[in-house]
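Scope of the values below: all heavy atoms of this structure, side chains included, with no hydrogens, waters or symmetry mates. Throughout, protein chains are lettered first and strands after them, A, B, ... in sequence-line order, and every chain is numbered starting at 1.
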2 protein chains.
Amino acid sequence: MLTISQLAAYAGVTVRAVRHYHQIGLLPEPERDASGYRRYSAGAVVSLVRIRILANAGVPLSQIGQMLEADASTFAAAVEEIDRQLGDEIARLEASRRQIAQLAAGDRLALAPEVITYLDRLRDIGVSERVVAGERDSWILMSARWPDRVREWMPGKTAQLDDPQLIRLYRILSEIFESDTGDDARLVEAADILASLAEQAYRSGEIDLGEVAQDDLPFDLLDALAVEADPRVQRLLNLMRERGWDGLARLERLAEPPT
Amino acid sequence: MLTISQLAAYAGVTVRAVRHYHQIGLLPEPERDASGYRRYSAGAVVSLVRIRILANAGVPLSQIGQMLEADASTFAAAVEEIDRQLGDEIARLEASRRQIAQLAAGDRLALAPEVITYLDRLRDIGVSERVVAGERDSWILMSARWPDRVREWMPGKTAQLDDPQLIRLYRILSEIFESDTGDDARLVEAADILASLAEQAYRSGEIDLGEVAQDDLPFDLLDALAVEADPRVQRLLNLMRERGWDGLARLERLAEPPT
DNA sequence: TGGAGGGTTGACGCAGCGTCAAGGTCAAGC
DNA sequence: GCTTGACCTTGACGCTGCGTCAACCCTCCA
């Protein structure tokens, strides 16, 4: 007759595990000796070893009982199901591992490489870190909403950075948001350039975003994000309204531009 | 301003998850509106999306907070650690999968193929299912104790099944344990054959098990298992003692054989 | 004005044990 | 006979990342 620790040691498990199996009814409680100790027969060792064989193969404890009693075909079906689940789990972990490899590869926020390139171009142009950080957060939101589309858009966006007007706009915005003053003249200048760019885009039909434009929320969020980052953005939004444009992340011509 | 369900939907998580992140301090609690509802800013969306990026990469929630604040090298070290853990987990699951493939491959108890072959040979020889089941359980115990050695032993064990004496022994044992009588004459016959086989093995020096013989417990267990399966085995053990042998799974010559 | 569809906190449940806590028991050495 | 240390007992909380009630309040629309 064995004590619980001898039984556990033979099967290579802990005493706690054995008691757990008793609790969930997987291993029957043995007789107790005079002092209340559990005393195990050799058969219990076989039972426990068989339980561990299945458990080590990834079978959930809750199914082991049935599997030990099942006939061959039921058993085979269960085995197949377990294998499928293991496969799924492995696939999930491997997906995680690819994700984390991306994180390790340098871009700490798992943005698509095209976006990283775009942000680097902004820095090259002389855009301030604060504004770049704002852009980055914006693209995080965009990537969350349209994970696949973003990569298609980036080449176009990056090409636009060759436009001297756009460069000038970004530099003015950098100056505004790096300073602590409410420099209205600069804001007006920025609004003028932005309105001009919007006008060009509008005339060239470039402004069409397809079904993406149907979904207002992300663009509202982007504008709100910018205002949160710096309240002076609200002034800019107002200035754009005066010029007949609504929004910032996505500019929409107001129905009736004020005269 | 967003409600909790809008926030959750944008990040592709459940409302419950968002509340959970608040509880563990991962996402700061936002202001409440007049009726006590949580109201989220656009910045909260960015925070939540960033949390999910790390979580999807397999980073435990408890570490995400630190990682979002960490500098580049700390971040890289953490990423490496997570990747290692993911790798370990994948390896464990793949080991399970190999195990379960063995189970699916036919032997329902993950015994080595050599053991399965041995058990099949017993059946061919005419050994009863009950005795084969006993043998199987014995080999489960042996495999648990010496997982690697068992495969080495089986060829020898299987070869022994060519010995007509051993075949006869197994057949007699099968008859005994299939019947309901306490057929002592049969038991005596079995004991005589067993003693004779033991004597041969002893003289040929075959009985040496090396360091395996140092460990009594498994052999005691095997004998106990047999007695549990059928109390008549106890009679057999007694008969063997009379013939100067102790045990059954491992026969040991008694210091002073009775006269 | 009533009902559907939001929101709130609080609490249990899940898997498989690890890990105290607060004792009772056993075997061995003095 | 007594102490000591190792082993046994039950009971209960902890861990991970939420899912899922329960019981109740708030908002919006027909």
Using the rule given for side-chain contact (heavy atoms from CB on, under 4.5 Å), can you reason through B:L68 versus B:I51, listing the C-alpha separation, both sets of side-chain angles and the distance that settles it, and then say yes or no?
CA-CA 8 Å; B:L68 286 175; B:I51 287 168; 4.1 Å; yes
For a side-chain contact (heavy atoms from CB on, under 4.5 Å) check, start with the C-alpha distance between A:L2 and A:R39, then their side-chain angles and the critical distance, and finish with the verdict.
CA-CA 5 Å; A:L2 305 170; A:R39 289 295 174 170; over 6 Å; no
Could you walk me through whether A:V79 and A:M67 pass side-chain contact (heavy atoms from CB on, under 4.5 Å), step by step?
CA-CA 9 Å; A:V79 159; A:M67 284 191 67; 3.8 Å; yes
Between A:R50 and A:I64, is a side-chain contact (heavy atoms from CB on, under 4.5 Å) present by the stated rule, with each step listed?
CA-CA 9 Å; A:R50 290 170 56 164; A:I64 290 182; over 6 Å; no
Give every pair of a protein N or O atom and an N or O atom of nucleotides 24-28 of chain C that lie under 3.5 Å apart, one pair per line with the distance.
| unit_1 | atom_1 | unit_2 | atom_2 | d |
| --- | --- | --- | --- | --- |
| C:dG24 | N2 | A:Y37 | OH | 2.7 |
| C:dT25 | O4' | A:Y37 | OH | 3.0 |
| C:dC26 | OP1 | A:S35 | OG | 3.3 |

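Look at A:R92 and A:E89 and you find a salt bridge, because one of the NZ, NE, NH1 or NH2 atoms lies within 4.0 Å of a carboxylate O, short of that distance. For A:R97 and A:E94, the salt-bridge test fails: no basic side-chain N is under 4.0 Å from an acidic carboxylate O. Using a 4.0 Å cut-off between a side-chain N of Lys or Arg and a carboxylate O of Asp or Glu, B:R250 and B:D223 do not qualify as a salt bridge.
With sequence neighbours excluded, the residues satisfying side-chain contact (heavy atoms from CB on, under 4.5 Å) with B:R38 are B:I4, B:R19, B:H22, B:E29, B:P30, B:R32, B:Y40.
Neither OP1 nor OP2 of C:dG6 sits under 4.0 Å from any side-chain N or O of B:S5. The phosphate of C:dG7 has neither OP1 nor OP2 within less than 4.0 Å of any side-chain N or O from B:R38.
Within a 6.0 Å sphere centred on CD of A:E81, other residues, nucleotides and ligands contribute more than 12 heavy atoms. For B:E31, the CD atom is loosely surrounded, since the number of other residues' heavy atoms within 6.0 Å does not exceed 12.
Of the residues in residues 10-29 of chain B, those placing a heavy atom less than 4.0 Å from an atom of DNA chain C are B:R16, B:R19, in numerical order. Near DNA chain C, meaning a heavy atom under 4.0 Å from it, residues 82-92 of chain A has no residue at all.
Atom CG of A:L48 and atom C1' of C:dC17 are 14 Å apart (whole Å). With rounding to whole Å, B:L7 atom CG is found 16 Å from C:dT8 atom C1'.
The CG atom of B:L222 sits 9.5 Å away from the CG atom of B:L248 when rounded to the nearest 0.5 Å.
In the 5' to 3' direction, nucleotides of DNA chain D lying under 4.0 Å from heavy atoms of chain B begin and end at D:dG17 to D:dT27.
Using a 30° and 60° split on the angle between ring planes, B:F219 and B:W146 fall in the tilted class, from 30° to 60°.
Judged as a ring-ring contact (aromatic ring centres under 6.0 Å, His included), not a single pair has a partner in residues 44-72 of chain A (not counting sequence neighbours).
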